[in-house]
Amino acid sequence: MGLDRVDSNNFESKLAAEVELVSRKVLLGKYTFTKYKEKLISKGFGKNPRQLSIPTIRDRLTLKIICDYLFCIFPEAKPVLPQESVLKIRDAVDSGAYKYFIKIDLQDFYPSIDHALLYSKLYKRARLEEFKKLISSAVENPTVAESSVHKFVPSKKGIAQGLSISNVLAEIFMLDVGRKISEKYPVFFRFVDDIVVLTNDDPVDACQQICKILTSEKLKPHPLDAPGSKTQTGMVADGIEFLGYSIKPEKISVKKSGLVNFESALVGVFADYKHRLRRAKTNVEKDAVLARFRWGLNLKITGCIYKNQRFGWVFYYSQINDLGVLRRIDHTVSHLCKRFGIVSPPNPKRALKAFYESKRVDKNSHWYIPNYDDMPIPKVRVFLNEVGVDLAGLNDVDVALVFHKLVRRATRSLEKDIASVS
């Protein structure tokens, strides 16, 4: 919920009136956004947290319409999947035509985007005055902590993260930047603010030239020689880390930290099981704890399909050809089962098998990976009962709501497993 504390049920009950209000105010140029609510996400020890902005539901609806409009007038700003970028780099690396790579990291990309430059790029195509007022209001709307709503400074720089328009605005801002870089260095890859260039020129000189282009757009690339800088140059043969992947000639694997983090997430599932088991008093409760554990563990391993989207670690790393990574995960799970005294059968699912299943194009043909879009209510009831959810007195609509709430929470957990892949 945003700062107005209106939840989806309350908003939906008066949807027609809300839509009419939004439409009328936008066309009059008088629509104002409620201040975004701040949510801080830890990035680890010694790092400033990432600030996310949570709009009200009314503003979320308005922002989504703005997003759709921006995609109409800037179709080239539609984001590509990270796997598509990885495939392009893989093909270029496997060609053997390039000796050096340059990888550039930008400091505080979203918070550093200059508003004047952003508007100049936007208004080349978006010329409606009503839209100009609306987009500037959305961009400059402040993000505030819930405890200090009245203490704020209007945003004069940067794009709030967490909004539906955040990524498309960032893409629009970077379109010209990408064109300038690719004019000098054609083998250029970018995913949001992750930039990789392959070249046979002097990599240090090329890095300096690219950094000049970025600074001319008021962006802040990390200096090449600064301690701890992610901006680096190197030999293509030694491998490139990009979007959580490790890419070498003829070999695509998972970045070491990404694998370790996923194994840590698996350990967390086992630790949570032991904690729940200690609180269970009856055999029925213990059976439910074990069923929920097995469901959660299998979900971590295989991912799932929900709302026509693929979620999970295996889906994200579907481009690897280093199968040893998957065997290592299966070995880790087997070791943890013995360590925590998990009885078999049923045995947990296997990452290697899930990986092959993830290659299926037709989502409806998946059987090893759960598809929650096609789960009938009778099966939903059985599943919820197994994991200890009390369904007494609930009709089918209420059961569906409970099920989707559980799955949404689970898919958020799956997204966290791949949240820090750059």
Side-chain angles (χ1 to χ4, degrees), residues 1-43 48-70 110-111 130-131 133-169 306-307 309 311 372 384 389-391 393-395 397-416 419:
M1 293 186 291
L3 287 175
D4 65 353
R5 297 183 177 274
V6 174
D7 63 19
S8 56
N9 292 333
N10 290 332
F11 187 83
E12 193 170 355
S13 67
K14 50 182 180 178
L15 181 60
E18 290 286 354
V19 169
E20 192 279 328
L21 183 146
V22 170
S23 178
R24 175 166 48 83
K25 288 198 170 185
V26 167
L27 294 176
L28 290 173
K30 294 182 178 180
Y31 188 91
T32 56
F33 289 85
T34 303
K35 291 183 282 292
Y36 305 133
K37 184 172 75 174
E38 178 185 71
K39 181 177 181 180
L40 299 178
I41 305 295
S42 173
K43 294 169 65 177
N48 291 328
R50 177 178 285 109
Q51 183 192 60
L52 296 185
S53 302
I54 302 176
T56 65
I57 295 180
R58 179 195 294 159
D59 289 346
R60 198 175 303 169
L61 175 65
T62 308
L63 289 166
K64 180 58 179 172
I65 301 301
I66 295 173
C67 181
D68 290 345
Y69 177 66
L70 287 171
Y110 282 92
E130 297 89 344
F131 174 78
K133 287 183 180 180
L134 190 63
I135 192 68
S136 63
S137 177
V139 169
E140 296 169 21
N141 192 42
T143 299
V144 299
E146 199 166 8
S147 59
S148 55
V149 173
H150 302 294
K151 297 178 182 178
F152 67 91
V153 177
S155 176
K156 297 296 182 184
K157 189 177 185 181
I159 296 173
Q161 297 182 67
L163 309 179
S164 57
I165 62 170
S166 302
N167 288 345
V168 64
L169 289 176
Y306 182 60
K307 299 294 186 184
Q309 295 183 62
F311 291 93
Y372 293 124
L384 291 176
V389 178
D390 184 6
L391 302 179
L394 297 185
N395 59 32
V397 173
D398 292 333
V399 168
L401 288 174
V402 171
F403 174 70
H404 287 295
K405 184 177 180 180
L406 182 66
V407 174
R408 279 198 302 271
R409 190 182 300 122
T411 54
R412 283 199 296 269
S413 175
L414 296 179
E415 291 298 280
K416 287 179 183 177

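Here the structure is a predicted model, which means the values were calculated and not measured.
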Verdict with supporting geometry, Ile165 and Tyr69, side chain to side chain contact (heavy atoms under 4.5 Å, CB included): CA-CA 10 Å; Ile165 62 170; Tyr69 177 66; over 6 Å; no
Leu384 vs Leu406, side chain to side chain contact (heavy atoms under 4.5 Å, CB included): CA-CA, chis, key distance, verdict: CA-CA 9 Å; Leu384 291 176; Leu406 182 66; 3.9 Å; yes
Check: Tyr31/Thr62 side-chain N/O donor and acceptor closer than 3.5 Å: yes
Aromatic plane relationship, Phe403 with Tyr372 - under 30° parallel, 30 to 60° tilted, over 60° perpendicular: perpendicular
Donor-acceptor pair, side chain of Ser13 and main chain of Asn10, under 3.5 angstrom: yes
Pairwise distance CZ(Phe33) to CG(Leu134) - rounded to 0.5 angstrom: 4.5 Å
Reported CG-to-OG1 distance for the pair Asp7 and Thr56, which is rounded to 0.5 angstrom: 12.5 Å
Donor-acceptor contact present, side-chain Lys35 to main-chain Leu3, <3.5 Å: no
Heavy-atom donor-acceptor pair, Ser137 side chain to Lys133 backbone, under 3.5 Å: no
Within 6.0 angstrom of Glu20 CD, more than 12 heavy atoms from elsewhere: yes
Shortest non-hydrogen contact between Ile54 and Met1, atoms and distance: CG2-O, 3.7 Å
Between CG on residue Leu169 and CD1 on residue Ile66, distance to nearest 0.5 Å: 8.5 Å
Least distance between heavy atoms, Gln161 atom then Pro111 atom: NE2-CD, 4.2 Å
